[in-house]
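A quick write-up on the structure given underneath.
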Amino acid sequence: MTTRPWTRRGVIAAALLAGAVAAHSPLLAGMARFMTVSTPLERADLVVPLYQDPDAVPAAAAAVLRDGYAPRIALHRRHPGRVEALGLILPRHEVWRRILEARGVPPAAILVVGRDIENDADLAAAITAALGPDRPGRIIVVASAPWSRLASNSLRRAFADTAVDIDMHAVPIAAFNDSTWWKTQSGLVTYFDVYTLWLLRFFR
Amino acid sequence: MNGNPGDQASARTPRGAWCVAAAASICIVVLLAYMARQPLLIGAAHALTIDDAAAPADYLVVLGGSAEDRPFAAAELYELRIAPKVLLFEYPGDSRQRVGGDLSQTELYRRVLELQGVPRIAVETVPGVVRSSWDEARMLRRFLAGRPISRVVVVTSAEHTRRARWTFRQTLGDLGIDVRTSPARRLTFDETNWWRHDEGVLVYLHEYLKLPYYVVRYGFAPAAG
């Protein structure tokens with residue numbers, strides 16, 4: 001007696017579903033790991049922390065400096081919003097300067113670059129200018145792990161026409177990790193956002 | 001049982017044709033949607049925006065989460081005499097406050113309002129720390145219960161107005177309070193170009209996920225709960 005096609009398809013679909021349920025942990029952990037880009041660190045000219053997780057990223061940038069991978073940390077001046085323009089909040093680089101100093105980074109080791117930076121192209125221009133135009137250089141970009149692939153892709157494009165090499169240093173977020181992100185609301189939102197933007201940029 | 005191979009071939013032909021027709025239909029729909037993407041995307045954004053603020057209201061209720069636009073919009077409504085009082089909420093602190101860099105969100109809103117011409121005496125804070133729109137609605141209910149209030153205007157970001165109105169009507173409806181909303185426009189994008197900005201894509205997608213989530217989660221929740 002032959003099996004009906006729909007029965008066979010149903011069995012295959014059920015088997016696939018059961019497999020996905022059984023293997024959901026490694027699959028989801030793999031999704032998180034895919035978004036994490038970290039390269040081996042080499043001696044560099046600057047550490048460039050991205051304004052993401054204000055707890056983990058400055059701490060990691062300070063540690064990279066302390067370990068002797070670079071002599072200075074570069075913060076960038078972003079385009080001020082309305083509230084900052086009213087003088088009600090400090091510019092982001094000033095907040096991060098305080099955080100870094102609280103983490104033991106000497107004031108002389110903090111460099112502020114650029115003005116009115118709104119995107120990665122502006123950031124690349126500011127960093128290149130700070131290193132010296134046409135001078136080969138290397139930077140260590142410190143980014144939150146879930147955002148590190150997007151940052152790496154975008155910054156590599158922005159620095160493509162320069163002589164600056166990029167090392168990526170991805171920092172885990174305290175609230176969740178690769179193996180638990182789907183159990184926390186912040187993890188779900190973060191990876192939803194990251195994958196949405198990754199797909200969006202892929203199709204753009 | 002189909003014993004005859006000729007019968008099987010004739011049975012496959014209409015099914016094959018059906019599959020081709022279905023694939024062609026899907027392609028046509030996708031193509032049409034792509035060609036009409038701009039009006040569709042604008043329509044999707046407008047579907048979330050509700051602007052029905054009307055005077056006289058008793059309070060302008062400014063929701064948390066976006067100091068760049070919401071308190072500025074509230075100050076404009078105050079100047080237009082939509083309501084004589086502005087209500088703010090209390091929020092949990094964040095790490096930037098821990099290093100002394102910034103004011104609390106409530107104080108930030110208050111200072112923006114002041115700088116935009118709203119007198120300090122016209123601004124009140126609803127007691128109780130809130131973490132979500134539902135919390136804000138519940139705290140507002142407690143604050144307004146027993147007061148002779150007939151109308152409030154909720155001020156929030158444009159994409160949030162539909163969910164905010166649903167939430168506040170769900171919570172305040174039995175008190176007989178008329179809930180209206182007024183959208184605070186962002187500086188970087190609006191309904192006509194949100195899909196060109198990363199932040200725009202994320203906030204509209206979030207809103208389309210949160211709206212049904214709120215209806216399912218809170219649709220049957222007691223208003224006073």
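Residue numbers start from 1 in every chain, and the chains themselves are labelled A, B, ... in the order their sequence lines are given, proteins ahead of strands. Note: hydrogens, waters and symmetry copies are ignored here, and every other heavy atom, side chains too, is used.
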Proximal component of B:Val201, with respect to chain A [non-hydrogen, under 4.5 Å]: side chain
So for B:Glu114, is it side chain, backbone, both, or neither that comes closer than 4.5 Å to the heavy atoms of chain A?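 The answer is neither part of B:Glu114.
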At a heavy-atom distance under 4.5 Å, which candidate from B:Leu205, B:Thr188, B:Asp69 has the highest pair count against chain A?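 The answer is B:Leu205.
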Under a 4.5 Å cutoff for heavy-atom pairs, which residue among B:Leu108, B:Val112, B:Leu209 has the most contacts with chain A?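 Ranked by contacts with chain A, first place is B:Leu108.
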Flag if over 12 foreign heavy atoms under 6.0 Å of CG, A:Leu199: yes
Under 6.0 Å from the CZ atom of A:Arg201, do we count more than 12 heavy atoms belonging to anything else shown? yes
How many angstroms lie between atom CD1 of A:Ile140 and atom CG of A:Asp165, to the nearest 0.5 angstrom? 11.5 Å
Identify whether the distance between the nearest side-chain nitrogen and carboxylate oxygen of A:Arg78 and A:Glu84 falls below 4.0 Å.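 Looking at A:Arg78 and A:Glu84, the cut-off is not met.
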I'd like to verify something: which residue of A:Val189, A:Leu86, A:Thr196, A:Val83 has the highest number of heavy-atom pairs under 4.5 Å with chain B? A:Val83
Between A:Arg92, A:Glu94, A:His93, which is the residue that forms a side-chain contact (heavy atoms from CB on, under 4.5 Å) with A:Leu75?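 For A:Leu75, the side-chain contact (heavy atoms from CB on, under 4.5 Å) check succeeds only for A:His93.
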